[in-house]
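Structure, as structure tokens:
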Number of protein chains: 2
Amino acid sequence: MSKNMHPLDESLLPWIGKTTKALDHFITEMFASCGIQLTKAQFILLRVLAKHEGIKQNDLASFASREKTTLARLLTTMEKKNLVYRKGSDTDKRTNLVFISPQGKEELDKAIPALVESLQLIQSGITKKELSITLGVLQRIRKNINADEFSNPCKH
Amino acid sequence: MSKNMHPLDESLLPWIGKTTKALDHFITEMFASCGIQLTKAQFILLRVLAKHEGIKQNDLASFASREKTTLARLLTTMEKKNLVYRKGSDTDKRTNLVFISPQGKEELDKAIPALVESLQLIQSGITKKELSITLGVLQRIRKNINADEFSNPCKH
DNA sequence: AATAGTTGGTTGCATATACAACCATCCCCA
DNA sequence: TGGGGATGGTTGTATATGCAACCAACTATT
């Protein structure tokens, strides 16, 4: 290893992205082949929503780690597909409360076990120890990034 | 750990995605604050292109792990920014050969050291052993996925 | 040489994402 | 009570991405 390799190619950077992309693709395909009409983003949102029925859009955005504009448009798409619905709050005319629809629950109830089962394949041949180390590394990276958000490698 | 946690939340799935997103955001911000006019996708493409000048679009797409349509539009954007240019092949009227422009090289030459330096921050507190294990896990996941691309957890 | 199949690339459509700017409403405080 | 700031959401614009369908050009096979 490390013979004439560029430091960037030896780092985790390229591989994290590639793995994410591969996983996204895999999940999308798997859902489709199971007749589950969800994208990955929609699945994530439904999971959050199932635990927080009647949540405000902006809070939902926080829980799902998405910008409010992204979330607003995602909700619009999902509303058209009858996965969720918005309901104006009685006490605050600005606020939309968001609910998962029966059909959304149905898709979610199909998607979760399918994904759990896929975990067997995805993580096969990897020990618990390795998984745990990897998880730690990923979380450490996020912590490093968020801690020093304003560091700047360019000396102007 | 693992007290009443859903298997999905204990798996790597959510964290890989979150880390990728955090890294994307970090890199974009870092580039911007360094006056580097590149997105992450454009940076990746420039790196490939710097090693394969005059490559065909479709081959470039392969190297960069992107669909040819994605690549075509990415190139158009980058051409407008004078980062790359296309040149019709003499021997095959269908083919575009793609080249990095002087300005593209310039941006790349700023971006690479900036990113290398950021690696210090990103990977700080993580041992070589941990990095190596994580890399192995990520690559194993990709292998698992690609190997069994047609497996289907739904028994119809 | 004609046809059929392959390869190279673009366009139409759709999703996901985010920043900036905006409007509407609410809330607090002077 | 009224004005200024905070909060909730949408719209405009942009990037990145991929599938399906398409056209154009090359190649191989008969």
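Throughout, protein chains are lettered first and strands after them, A, B, ... in sequence-line order, and every chain is numbered starting at 1.
The two residues A/Ser11 and B/Gln123 have their closest heavy-atom pair at CB-NE2, 3.4 Å.
In this structure, the CG atom of A/Leu71 is 15 Å from the C1' atom of D/dT11, given to the nearest Å. The NZ-P distance, from A/Lys56 to D/dG9, rounds to 7 Å in whole Å. Between the CD1 atom of B/Ile44 and the C1' atom of D/dT15 there is a distance of 13 Å, rounded to whole Å. Atom P of nucleotide C/dG9 and atom NZ of B/Lys87 are separated by 14 Å, given to the nearest angstrom. Atoms CD (B/Gln37) and C1' (D/dT15) sit 14 Å apart, rounded to a whole Å.
Look at A/Lys105 and A/Glu53 and you find a salt bridge, because one of the NZ, NE, NH1 or NH2 atoms lies within 4.0 Å of a carboxylate O, short of that distance. Remark: A/Asp9 engages B/Arg47 in a salt bridge, criterion side-chain N to carboxylate O under 4.0 Å.
Of the candidates D/dT15, C/dC19, D/dT17, C/dC19 carries the atom nearest the A/Thr69 side chain, counting heavy atoms from C-beta on. Nearest to the side-chain atoms of A/Gln42 among the listed nucleotides C/dT15, C/dT17, D/dA16 stands C/dT15.
Between the side chains of B/Arg140 and B/Asn144, at least one donor N or O sits under 3.5 Å from an acceptor N or O. Counted by atom type alone, A/Arg94 and A/Ser89 present zero donor-acceptor pairs between their side chains at under 3.5 Å. A donor-acceptor contact under 3.5 angstrom links the side chains of A/Asn96 and A/Gln57, judged on distance only. Side-chain contact check for A/Gln42 and A/Lys81: at least one donor-acceptor pair (N or O, by modelled atom type) lies under 3.5 Å.
Residues from residues 72-86 of chain A lying near DNA chain D, meaning a heavy-atom separation below 4.0 Å, are A/Ala72, A/Arg73, A/Arg86 in numerical order. A heavy-atom distance below 4.0 Å to DNA chain D is reached by these residues of residues 89-99 of chain B, ordered by number: B/Asp92, B/Lys93, B/Arg94. Annotation: proximity of residues 57-68 of chain B to DNA chain D (heavy atom, distance under 4.0 Å) is found for B/Arg66, B/Glu67, numbered in ascending order.
With a 4.5 Å cut-off on side-chain heavy atoms, A/Cys34 and A/Met30 count as touching. With a 4.5 Å cut-off on side-chain heavy atoms, B/Leu49 and B/Phe99 do not count as touching.
Nucleic acid contact class of B/Lys40 (heavy atoms, under 4.0 Å, all strands): none.
Phosphate contact (OP1/OP2 of D/dG18, side-chain N/O of B/Thr70, threshold under 4.0 Å): present. Contact check, B/His25 against D/dT15: no side-chain N or O comes under 4.0 Å of OP1 or OP2.
Of the residues listed (B/Leu75, B/Ile100, B/Val84), the one engaging B/Leu45 in a side-chain contact (heavy atoms from CB on, under 4.5 Å) is B/Leu75, and it is the only one.
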Pair B/Leu12, A/Thr134 - check side chain to side chain contact (heavy atoms under 4.5 Å, CB included), show working. CA-CA 8 Å; B/Leu12 289 183; A/Thr134 301; 3.9 Å; yes
